[in-house]
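The basis for the numbers below is simple: all heavy atoms, side chains too, and nothing from hydrogens, waters or symmetry mates. A, B, ... follow the sequence lines: proteins, then strands. Residue 1 opens every chain.
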Amino acid sequence: MSKDKSAKIPTPQPVRGTQDMLGDFADRFAHVVETFERVRRLYGYKRVEVPVIEPTAVFARSLGETTDVVSKEMYSFEDRGGESITLRPEFTAGIARAYITNGWQQFAPLKVATHGPLFRYERPQKGRYRQFHQLDAEVLGSDSPLADAELLVFADQLLKDLGISEGVTLTLNTLGDADSREAWRAALVEHFMSHRGDLSEDSLARLDKNPLRILDSKDPRDRPVADSAPDIDAYLTGEAQDFFGAVTSGLDAAGVAWQRNARLVRGLDYYRHTAFEFVTDRLGAQGTVLGGGRYDGLIEALGGPPTPAVGWAAGIERLGMLLESTPQDFLEFVLVPVGGEAEMLCLELQATLRRKGLSCDMGFRGNLKKRMQRADASGAVAAIIIGEDEMREGEITVRHLASGQQARRNLAEIRDARAGATYTRKLLLEGIDGNNWSAE
RNA sequence: GCGAUCAUAGCUCAGUUGGUUAGAGCGCCGGUUUGUGGUACCGGAGGUCGCGGGUUCGAGCCCCGUUGAUCGCCCCA
């Protein structure tokens, strides 16, 4: 409020690609997380917490040193001891590291779930921030296709309970076991090499680095070559086919709809067998709302024992954008004191109601009119008005804001410690809110 | 890392070919109503037009630089 503008202190800018949330966006975010936490308990997935920072090697090894993902797109820095630290760009590698270093093999098969912030050093664009947030579920130490199936049923129920399964499709593919995958990869490279003259410059570069990625190139010049490339099916071993069949049978048994997408790939070598994405047509280019797969090679790549594992992750912000309506926090009651003495009484009553389990609030300042305005704007069910008249008679005035009806109540009855939340609510609202309380 | 677009009040935005004192809606504060919200009317506060330089008699508008944002490319674990 200083008038001396020359002395103005410059406000630091937020870090690029980070965001602050309040109101609608924050409510959506919280609703997604709460729903996830509820569903994850239904499936017996234990809550796990892992660090936000890890030695860079955790992610560098899991992602493969060759990719420029590691060199260019991780949020890495040196700490004061000179060690290279990375802000986690995903959950899976950190959980895999924790599995090894804590000896969680003893709990295998281990079903865990977590959520929190992740970081990638990328140029921000629509739906892609440097700090973003994901839900994550993993099953470690199980080579059963039933684990894949259960994980997918979990994901399916999450999306349904969030009310965003409309227009969302589960697309599924298998990358086979290590042998299948190698044979297919060799066939793909051969196919692309023989058509290299028709490929875009980008895809020619991919041919060396990551040939599988050519399959979902956006460049129209690549489409004919990519579309005519061989599917993995011809290269699947019998075991790989059986595994995939067991996953899809499990989905059918649980009543989860799915679609085969033979073009769905994972670039990294440790992925095996199942790869999946829940995709929507409602978000433009970024159509994936939840994705994952089986990564039987990862824990070994981190120096652990050969351990099969499967998991998925989903962007919280993206799920929040898809929510039909905004679930809002609202207060049941707003206390409105008239005069300084009433303020203390309201403070006491407010604490009493809250201890009973009724949500309520009270403004810090303003006259009656102002406080009523705020009460109305807050979306509260009713205002509780206490002034000199009420105090003299040991009563309070309850005004139902939607109907405008109000009534006097006996303060002692409301305060009575024997009355719980439900009964107290009835005492306050009966007769003025239009509900038939006697039916309770 | 590359490209395009943009930056005016707390928010969303107008601002003519460069020309007086930069506007609107919403929000905020106050009043009409000293114990009653939503509607209405009246009034008020709030801006170095992102920042720095240049051209000009004169710049919110034109030029250069810079910072930031948005959208796309690369990448997508």
Side-chain angles (χ1 to χ4, degrees), chain A residues 1 3 5-6 8 10-19 22-23 58-64 66-75 86 88-94 96 118-129 132 134 136 200-203 205-206 209-210 212-213 216-219 265-271 275 277 284-288 291-293 295 298 301 311-313 315 334 336-339 342 363 365-391 397-406:
Chain A
M1 286 297 148
K3 287 183 179 177
K5 291 182 178 173
S6 64
K8 190 177 179 188
T11 304
Q13 293 300 118
V15 173
R16 180 197 285 266
T18 61
Q19 53 184 334
L22 176 67
V58 168
F59 306 111
R61 285 213 204 110
S62 73
L63 296 172
T66 56
T67 58
D68 61 2
V69 164
V70 172
S71 59
K72 199 174 86 177
E73 290 161 28
M74 295 205 309
Y75 216 121
T86 294
R88 63 183 179 197
E90 57 157 21
F91 281 111
T92 307
L118 303 171
F119 303 83
R120 294 181 186 178
Y121 201 83
E122 296 181 291
R123 192 95 186 222
Q125 51 178 291
K126 189 183 183 72
R128 302 181 72 175
Y129 291 88
F132 56 103
Q134 284 188 344
D136 185 90
S200 66
E201 305 80 45
D202 284 339
S203 285
R206 291 181 181 120
K209 293 192 299 187
N210 201 346
L212 300 199
R213 278 284 153 209
D216 46 26
S217 167
K218 290 176 201 156
D219 196 312
V265 295
R266 288 282 115 99
L268 302 175
D269 288 340
Y270 56 74
Y271 279 102
E277 290 181 354
Q286 268 100 24
T288 303
Y295 51 94
L298 171 59
W312 56 250
V334 173
V336 179
V338 184
R365 58 184 294 266
N367 55 24
L368 175 60
K369 178 190 168 111
K370 200 73 235 172
R371 285 170 184 270
M372 287 302 288
Q373 272 178 9
R374 290 198 191 286
D376 185 52
S378 77
V381 174
I384 294 174
I385 303 165
I386 302 178
E388 283 178 24
D389 297 352
E390 285 85 353
M391 285 200 289
T397 294
V398 183
R399 182 179 179 86
H400 186 249
L401 290 166
S403 68
Q405 293 192 75
Q406 67 182 47

### Query
Do the side chain of A:Ser217 and the main chain of A:Asp219 share a donor and acceptor less than 3.5 angstrom apart?
yes
### Query
Is a donor on one side and an acceptor on the other found under 3.5 Å between the side chain of A:Arg120 and the backbone of A:Glu73?
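Flag not set: sc A:Arg120 to bb A:Glu73 has no pair under 3.5 Å.
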Report the base-pairing partner of [N] (Watson-Crick or G-U wobble, both distances below 3.5 angstrom), or none.
{"N": "B:rG3", "result": "B:rC71"}
{"N": "B:rU55", "result": "none"}
{"N": "B:rU17", "result": "none"}
{"N": "B:rC26", "result": "B:rG10"}
{"N": "B:rU32", "result": "B:rA40"}

Expressed in angstrom and rounded to an integer, what is the separation of [X] atom [atom1] from [N] atom [atom2]?
{"X": "A:Glu201", "N": "B:rC2", "atom1": "CD", "atom2": "C1'", "answer": "14 Å"}
{"X": "A:Arg371", "N": "B:rU34", "atom1": "CZ", "atom2": "P", "answer": "18 Å"}
{"X": "A:Arg374", "N": "B:rU36", "atom1": "CZ", "atom2": "P", "answer": "18 Å"}
{"X": "A:Lys369", "N": "B:rG35", "atom1": "NZ", "atom2": "P", "answer": "12 Å"}
{"X": "A:Asp219", "N": "B:rG72", "atom1": "CG", "atom2": "P", "answer": "17 Å"}
{"X": "A:Met372", "N": "B:rU36", "atom1": "CE", "atom2": "P", "answer": "10 Å"}
{"X": "A:Tyr129", "N": "B:rG68", "atom1": "OH", "atom2": "P", "answer": "16 Å"}
{"X": "A:Leu368", "N": "B:rG31", "atom1": "CG", "atom2": "C1'", "answer": "16 Å"}

[atom1] spacing across the pair [N] / [M], given as an integer number of angstrom:
{"N": "B:rG18", "M": "B:rG10", "atom1": "P", "value": "28 Å"}
{"N": "B:rG19", "M": "B:rC61", "atom1": "C1'", "value": "12 Å"}
{"N": "B:rA4", "M": "B:rA45", "atom1": "C1'", "value": "40 Å"}
{"N": "B:rC26", "M": "B:rC64", "atom1": "C1'", "value": "38 Å"}
{"N": "B:rG60", "M": "B:rC13", "atom1": "C1'", "value": "14 Å"}
{"N": "B:rA69", "M": "B:rG27", "atom1": "P", "value": "30 Å"}
{"N": "B:rC51", "M": "B:rG68", "atom1": "C1'", "value": "10 Å"}
{"N": "B:rG58", "M": "B:rG65", "atom1": "P", "value": "23 Å"}

So, under a plain 3.5 Å distance rule, would you say the side chain of [X] forms a donor-acceptor pair with the base of [N]?
{"X": "A:Arg128", "N": "B:rC76", "answer": "yes"}
{"X": "A:Asp376", "N": "B:rG37", "answer": "yes"}
{"X": "A:Gln125", "N": "B:rU70", "answer": "no"}
{"X": "A:Arg120", "N": "B:rA77", "answer": "yes"}

### Task
Starting from the 5' end of RNA chain B, give me the residue, A:Val15 or A:Ser217, whose nearest nucleotide shows up first.
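So the residue in question is A:Val15.
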### Query
Taking the nucleotide of RNA chain B with the closest heavy atom to each, which residue, A:Gln405 or A:Glu90, is nearer the 5' end?
A:Gln405
Within the 4.0 Å heavy-atom criterion, would you say [X] contacts the bases, only the backbone, or no part of the nucleic acid?
{"X": "A:Arg88", "result": "nothing"}
{"X": "A:Arg123", "result": "base"}
{"X": "A:Ala377", "result": "nothing"}
{"X": "A:Asp202", "result": "sugar-phosphate"}
{"X": "A:Glu390", "result": "base"}
{"X": "A:Gly339", "result": "nothing"}
{"X": "A:Gln13", "result": "nothing"}

### Task
Select one nucleotide: of B:rA77, B:rU36, B:rU70, the one nearest the side-chain heavy atoms of A:Tyr271.
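Within the option list, the nearest is B:rA77.
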### Spacing of A:Phe91 atom CZ and A:Leu118 atom CG [to the nearest 0.5 Å]
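Between A:Phe91 CZ and A:Leu118 CG, I get 4.5 Å after rounding to 0.5 Å.
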Ignoring backbone atoms, test whether [X] places a side-chain nitrogen or oxygen under 4.0 Å from the OP1 or OP2 oxygen of [N].
{"X": "A:Arg16", "N": "B:rA69", "value": "yes"}
{"X": "A:Lys370", "N": "B:rC29", "value": "yes"}
{"X": "A:Arg213", "N": "B:rC75", "value": "no"}

Would you indicate whether the side-chain heavy atoms of [Y] and [X] approach each other to under 4.5 Å?
{"X": "A:Arg206", "Y": "A:Leu212", "answer": "no"}
{"X": "A:Val336", "Y": "A:Met372", "answer": "yes"}
{"X": "A:Asp136", "Y": "A:Thr92", "answer": "yes"}

### Task
Would you check if there is a donor-acceptor pair between the side chains of A:Thr288 and A:Glu277 at a distance under 3.5 Å?
yes
### Message
Let's go through A:Gln406 and A:Val398 carefully: what are the C-alpha distance in whole Å and the side-chain angles of both, what is the deciding distance for side chain to side chain contact (heavy atoms under 4.5 Å, CB included) to 0.1 Å, and is it a yes or a no?
### Response
CA-CA 5 Å; A:Gln406 67 182 47; A:Val398 183; over 6 Å; no
